[in-house]
Chemist: 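Take this structure, written in structure tokens, and hold onto it; I'll ask about it next.
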Amino acid sequence: MSDSKTIQIEESWRTALHVEFEKPYFSALEDFLKAEKAAGKTIYPPSPLIFNAFNAVPFDQVKVVILGQDPYHNPGEAHGLSFSVPLGVKIPPSLKKIYKELETDIVGFKSPEHGCLEHWANQGVFMLNAFLTVEASKPQSHQKIGWEIFTDAVIKTISDRSAGVVFMLWGNFAKKKAVLIDATKHLILEAAHPSPLAGNAFLGSQHFSKANNYLNNNHKAPVSWCF
């Protein structure tokens, strides 16, 4: 069994998810990652950043959940926040589309020259990937090692133990997670994925203004999406 004390995750999440850390699948997941690294494989994001989304937003401060799928699989891109990249890294295509939507949805928004979304995380935007690791240059390589069991539990835990959270589900994969969320307690926003593969279907969704309107109506501070 895994010892949750050794997992680099913020304390409120450790408490909320302690049951998951003690389950056999999580120990198997850890063993898999250790074996891959021992075999010389490069895993993204780096170990200290695997739970970056959790460490950036304590459990009781989650206001918005943006669900991604895989971490970026190229060097230097993944840092544990879905859709985000560190400062100095080229802005990925999906994030460019998100910025384009924000320019029409949020008054005063101007696309920044970077793709680091830590400013959002600091305000309670929980940017969760369904799979928290990936092998370098191999997208979807860690989709069957147990991460989805864990992140489904994360989504359901937020739904069960919180109220008034906005869940942004983009693309068919993310939309399937709606069954984990209590729509009587939270706002579920669904749209096409911002990937260029979906054309411009994401544009016009107005999720960011809808999120802020909902937060305002639930007596929560809106998110300053502008950088």
Side-chain angles (χ1 to χ4, degrees), residues 1-57 59 65-95 115-118 121 126-158 169-174 176-177 180 193-195 197:
M1 295 293 179
S2 173
D3 178 6
S4 65
K5 295 289 185 184
T6 66
I7 296 168
Q8 300 175 44
I9 193 169
E10 191 270 339
E11 193 61 36
S12 65
W13 285 107
R14 188 193 310 280
T15 300
L17 301 170
H18 71 93
V19 172
E20 297 304 313
F21 295 133
E22 295 169 0
K23 290 180 178 179
Y25 84 84
F26 201 90
S27 292
L29 192 162
E30 288 183 304
D31 289 343
F32 173 87
L33 292 175
K34 290 175 183 175
E36 292 290 278
K37 290 179 180 179
K41 295 182 180 179
T42 300
I43 306 298
Y44 297 131
S47 293
L49 296 178
I50 289 175
F51 293 101
N52 195 22
F54 300 82
N55 295 330
V57 187
F59 179 74
V65 177
I66 298 179
L67 184 65
Q69 193 165 347
D70 258 3
Y72 297 121
H73 58 270
N74 295 319
E77 292 183 340
H79 68 144
L81 305 178
S82 63
F83 296 100
S84 179
V85 291
L87 291 171
V89 175
K90 183 180 179 182
I91 302 173
S94 292
L95 184 52
C116 183
L117 305 180
E118 290 176 351
F126 182 55
M127 290 166 275
L128 176 69
N129 278 316
F131 311 99
L132 299 189
T133 58
V134 68
E135 184 179 344
S137 303
K138 293 187 177 180
Q140 304 181 13
S141 52
H142 286 183
Q143 289 197 5
K144 295 182 180 179
I145 69 171
W147 278 130
E148 192 170 3
I149 302 171
F150 176 71
T151 54
D152 279 1
V154 171
I155 295 167
K156 192 170 189 309
T157 298
I158 295 171
L169 308 181
W170 299 337
N172 292 332
F173 174 84
K176 292 177 182 177
K177 304 300 181 180
L180 303 169
H193 197 279
S195 166
L197 296 176

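Predicted model only: the values in this text are computed from it and were never measured. Worth knowing before you read on, the calculation uses all heavy atoms, side chains too, and leaves out hydrogens, waters and symmetry mates.
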Chemist: Can you tell me which residue pairs pass the salt bridge (Lys or Arg N to Asp or Glu O under 4.0 Å) test with a partner in residues 137-147, sequence neighbours excluded?
Modeler: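 Checked against salt bridge (Lys or Arg N to Asp or Glu O under 4.0 Å) - neighbours excluded - the pairs reaching residues 137-147 are Glu135-Lys138.
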
Chemist: How far apart are the closest heavy atoms of Ser94 and Ser195, and which atoms are they?
Modeler: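 Heavy atoms only, the tightest pair is OG-CA, 3.3 Å.
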
Chemist: Report the residues that fulfil ring-ring contact (aromatic ring centres under 6.0 Å, His included) with Tyr25, sequence neighbours left out, ordered by chain and then residue number.
Modeler: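 Partners of Tyr25 by the ring-ring contact (aromatic ring centres under 6.0 Å, His included) criterion come out as none, since no residue qualifies.
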
Chemist: Partners of Lys176 by side-chain hydrogen bond (donor to acceptor under 3.5 Å, both in side chains), sequence neighbours excluded?
Modeler: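 side-chain hydrogen bond (donor to acceptor under 3.5 Å, both in side chains) list for Lys176, sorted by chain: empty.
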
Chemist: Just to verify, what does Tyr44 make a ring-ring contact (aromatic ring centres under 6.0 Å, His included) with, not counting sequence neighbours?
Modeler: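 Expected list: none.
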
Chemist: In chain order, what residues pass the side chain to side chain contact (heavy atoms under 4.5 Å, CB included) check against Gln140, with sequence neighbours excluded?
Modeler: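 Counting only residues at least two positions away or on another chain, Gln140 forms a side chain to side chain contact (heavy atoms under 4.5 Å, CB included) with Asp70, Gln143.
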
Chemist: Which residues pass the side chain to side chain contact (heavy atoms under 4.5 Å, CB included) test with Pro92, not counting sequence neighbours?
Modeler: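 With sequence neighbours excluded, Pro92 shows a side chain to side chain contact (heavy atoms under 4.5 Å, CB included) to Tyr72, Val85, Leu95, given in chain and number order.
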
Chemist: With sequence neighbours excluded, tell me which residues meet ring-ring contact (aromatic ring centres under 6.0 Å, His included) with His193.
Modeler: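 With neighbours one apart ignored, the set is Phe83.
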
Chemist: For a quick test of reading the model, state the closest non-hydrogen atom pair linking Ala78 to Pro45 and the distance between them.
Modeler: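 So the two residues come closest at O-CB, 3.6 Å.
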
Chemist: Can you sort out the partners of Asn74 under side chain to side chain contact (heavy atoms under 4.5 Å, CB included), two or more places apart, ordered by chain and number?
Modeler: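 For Asn74 the side chain to side chain contact (heavy atoms under 4.5 Å, CB included) partners, ignoring immediate neighbours, are Glu77.
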
Chemist: What about Phe21 and Phe150, are their ring centers closer than 6.0 Å?
Modeler: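 Centroid distance Phe21-Phe150: below 6.0 Å, so yes.
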
Chemist: Among all residues two or more places apart in sequence or in another chain, which pass the side-chain hydrogen bond (donor to acceptor under 3.5 Å, both in side chains) test with Lys37?
Modeler: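 With sequence neighbours excluded, Lys37 shows a side-chain hydrogen bond (donor to acceptor under 3.5 Å, both in side chains) to Ser47, given in chain and number order.
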
Chemist: Between Leu33 and Glu36, is there a side-chain heavy-atom distance shorter than 4.5 Å?
Modeler: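 A side-chain contact is absent here, since even the closest heavy-atom pair is not under 4.5 Å.
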
Chemist: Which heavy atom of Cys116 sits nearest to which heavy atom of Leu87, and what is that distance?
Modeler: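 Looking at all heavy atoms of both residues, the closest pair is CB-CD2, 3.8 Å.
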
Chemist: Going by side chain to side chain contact (heavy atoms under 4.5 Å, CB included), name the residues that satisfy it together with Ala174, two or more places apart in sequence or in a different chain.
Modeler: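 Applying side chain to side chain contact (heavy atoms under 4.5 Å, CB included) to Ala174 gives Leu67, Leu169.
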
Chemist: Applying side-chain hydrogen bond (donor to acceptor under 3.5 Å, both in side chains), name anything that partners Trp147, two or more places apart in sequence or on another chain.
Modeler: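 Partners of Trp147 by the side-chain hydrogen bond (donor to acceptor under 3.5 Å, both in side chains) criterion, ordered by chain and then number, come out as Thr133.
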
Chemist: Kindly write out the residues that satisfy ring-ring contact (aromatic ring centres under 6.0 Å, His included) with His79, not counting sequence neighbours, or none if the list is empty.
Modeler: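 None.
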
